[in-house]
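The structure appears right after this line, and notes come after that.
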Amino acid sequence: MRKKKIINTLLVCAFVLAVGFVYMKNKDPKDEPVSNVVYDQPSGSYKEVVYQDNSGLLIPVNIELTESGQLEKDVMDILYKMKESPSSLPNLSPVLSSDLQVNSTSLNDKLLTIDFNSALLNLSKEESLKFIEALTWTLCDYNGIEKLHFTSDGNEITNLPDSYISLSANYGHNLGLNNFETVNAYLHKTSALVVYGNKQIDGQDFYVPVTKRIDTSDLSVQDKVSILLSQNSISSLISENKAFENLKVLNGTRIEDGRLIVNLSDGALLDEMSLNPQVTDMLLLSLRQIDGVETISFEVNGEAIGKDEIVSKNVVYNVVKM
């Protein structure tokens, strides 16, 4: 009798192993979540610039670009690249027009002033916000630059002729990208929370930021993370991250001495030992924009998982070839 039980047990084990083998053999590797983010790249080997797609959505991409060590030359090189279209992506086009020329640049107390030719005055209402967003996203936080100021042929500009956007203000990276705002005052009286969604362009997957403008003065860190996860209707132009559908931010999400600890439900897991990279990628890209955050760590149901990520690391994503 005992011998029969042992044989039955062995048969069951063999069956389970056979089913598992067939499942793994037939499993499509394309179903596995793939990371689109590379951390800690050598400084100066990649630079993030901004283009637009056919719908007018601003798309940040990383291109190979070597720094010269001379600020004015590096800024000129970056802006020149932003006038070109990536050859591998015909559905991406420049935000900057070819007739827009830089006369000079100067950095004073972390404020970069860029003097353009008169073509700056020809920007339309729709183009002006995209122009400011693309440049602040690309140049701020680069080599000591915190804010940008724009002039034309040496003259200060209050407003562009066909735009509500003020150019007398100084703009920083915290302006965000893809604001979709129509009231200039709203840009200055609210804070930006940057939410990332997915979009496929010319067969390549991109992480695309959309900026939610809200009053964050009374929001806890947990509230902010919850808003970043609630991707409903962030924009009809991009797809929501399916990995966020069953994901919740739990109590215990907090900041301690610059360390942001994010406690998530088990919907963040890829398996018992690791986090879904599509969850961590998008959250890290968003959370590193919150003021005061130096490192980010994740918990699942209160249990630490993975390693701490340093916000100041060189982060490369959406890599394209020119």
Side-chain angles (χ1 to χ4, degrees), residues 16-17 19-21 23-24 27-41 191-199 205-212 214 216 218-235 238-318:
V16 171
L17 289 172
V19 171
F21 174 77
Y23 171 77
M24 293 303 295
K27 190 174 182 182
D28 190 343
K30 291 186 292 184
D31 293 336
E32 290 289 334
V34 177
S35 175
N36 186 20
V37 177
V38 180
Y39 296 96
D40 222 9
Q41 284 292 308
S191 298
L193 279 183
V194 179
V195 183
Y196 280 78
N198 301 87
K199 186 156 192 179
D205 291 322
F206 289 87
Y207 291 156
V208 182
V210 172
T211 302
K212 290 187 174 184
I214 56 176
T216 60
D218 296 325
L219 293 180
S220 67
V221 172
Q222 186 171 327
D223 292 333
K224 292 178 182 178
V225 178
S226 295
I227 291 172
L228 293 175
L229 289 183
S230 61
Q231 295 201 342
N232 295 333
S233 302
I234 54 175
S235 172
I238 61 177
S239 302
E240 298 169 10
N241 187 351
K242 299 299 182 184
F244 285 5
E245 285 182 345
N246 301 313
L247 193 59
K248 293 182 180 178
V249 183
L250 305 180
N251 292 335
T253 296
R254 60 207 183 273
I255 288 184
E256 296 177 348
D257 298 324
R259 181 171 178 247
L260 173 60
I261 303 163
V262 182
N263 188 21
L264 300 170
S265 64
D266 53 14
L269 292 172
L270 178 62
D271 52 48
E272 291 184 0
M273 302 298 294
S274 59
L275 294 164
N276 185 333
Q278 292 185 352
V279 171
T280 54
D281 277 0
M282 289 198 183
L283 279 181
L284 286 169
L285 289 171
S286 295
L287 295 172
R288 67 200 301 268
Q289 320 251 358
I290 296 178
D291 291 338
V293 175
E294 297 174 5
T295 60
I296 301 170
S297 62
F298 292 102
E299 295 179 350
V300 175
N301 295 322
E303 297 292 329
I305 187 168
K307 63 178 183 178
D308 288 10
E309 291 291 350
I310 301 171
V311 167
S312 59
K313 277 186 176 181
N314 295 306
V315 177
V316 175
Y317 67 109
N318 293 350

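Only a predicted model underlies this, so the values are computations on that prediction, with no experimental measurement involved. Sequence positions, counted from 1, serve as the residue numbers for this chain. Because only heavy atoms are used, hydrogens play no part in the values below, and waters and symmetry mates are left out as well, while side chains stay in.
Side-chain contact annotation: D223 with S226, donor-acceptor N/O pair under 3.5 Å absent. A side-chain N or O of D281 and one of Y207 form a donor-acceptor pair less than 3.5 Å apart.
No side-chain heavy atom of P209 sits less than 4.5 Å from a side-chain heavy atom of L285. Counting heavy atoms from C-beta on, the side chains of I296 and V311 come closer than 4.5 Å. Taking 4.5 Å as the limit, every side-chain heavy atom of F298 sits out of range of all side-chain heavy atoms of V279. By the 4.5 Å heavy-atom criterion applied to side chains, V293 and V221 are not counted as neighbours. With contacts defined as side-chain heavy-atom distances shorter than 4.5 Å, the pair L219/I227 qualifies.
Exactly one residue among L287, L270, I305, L275 makes a side-chain contact (heavy atoms from CB on, under 4.5 Å) with T280. That residue is L275.
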Please output the side-chain donor-acceptor pairs of residues 251-265 that fall under 3.5 Å, not counting sequence neighbours, one pair per line with the distance.
| unit_1 | atom_1 | unit_2 | atom_2 | d |
| --- | --- | --- | --- | --- |
| N251 | OD1 | Q222 | NE2 | 3.1 |
| T253 | OG1 | L250 | O | 3.1 |
| T253 | OG1 | N263 | N | 3.0 |
| R254 | NE | E256 | OE2 | 2.9 |
| R254 | NH1 | G252 | O | 2.2 |
| R259 | NE | D308 | OD2 | 2.9 |
| R259 | NH2 | S297 | OG | 3.3 |
| N263 | OD1 | N301 | N | 3.3 |
| N263 | OD1 | G302 | N | 2.8 |
| N263 | ND2 | N251 | O | 2.8 |
| S265 | OG | K248 | N | 3.0 |

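Applying the side-chain hydrogen bond (donor to acceptor under 3.5 Å, both in side chains) rule to K224 yields no partners; only residues at least two apart in sequence or on another chain are considered. Looking at residues two or more places apart in sequence or on another chain, you find a side-chain hydrogen bond (donor to acceptor under 3.5 Å, both in side chains) between S274 and D271.
The two residues Y196 and M282 make their nearest non-hydrogen contact at O-SD, 3.3 Å.
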* Please test L228 against L193 for side-chain contact (heavy atoms from CB on, under 4.5 Å), starting from the C-alpha separation and ending with a verdict. => CA-CA 7 Å; L228 293 175; L193 279 183; 4.2 Å; yes

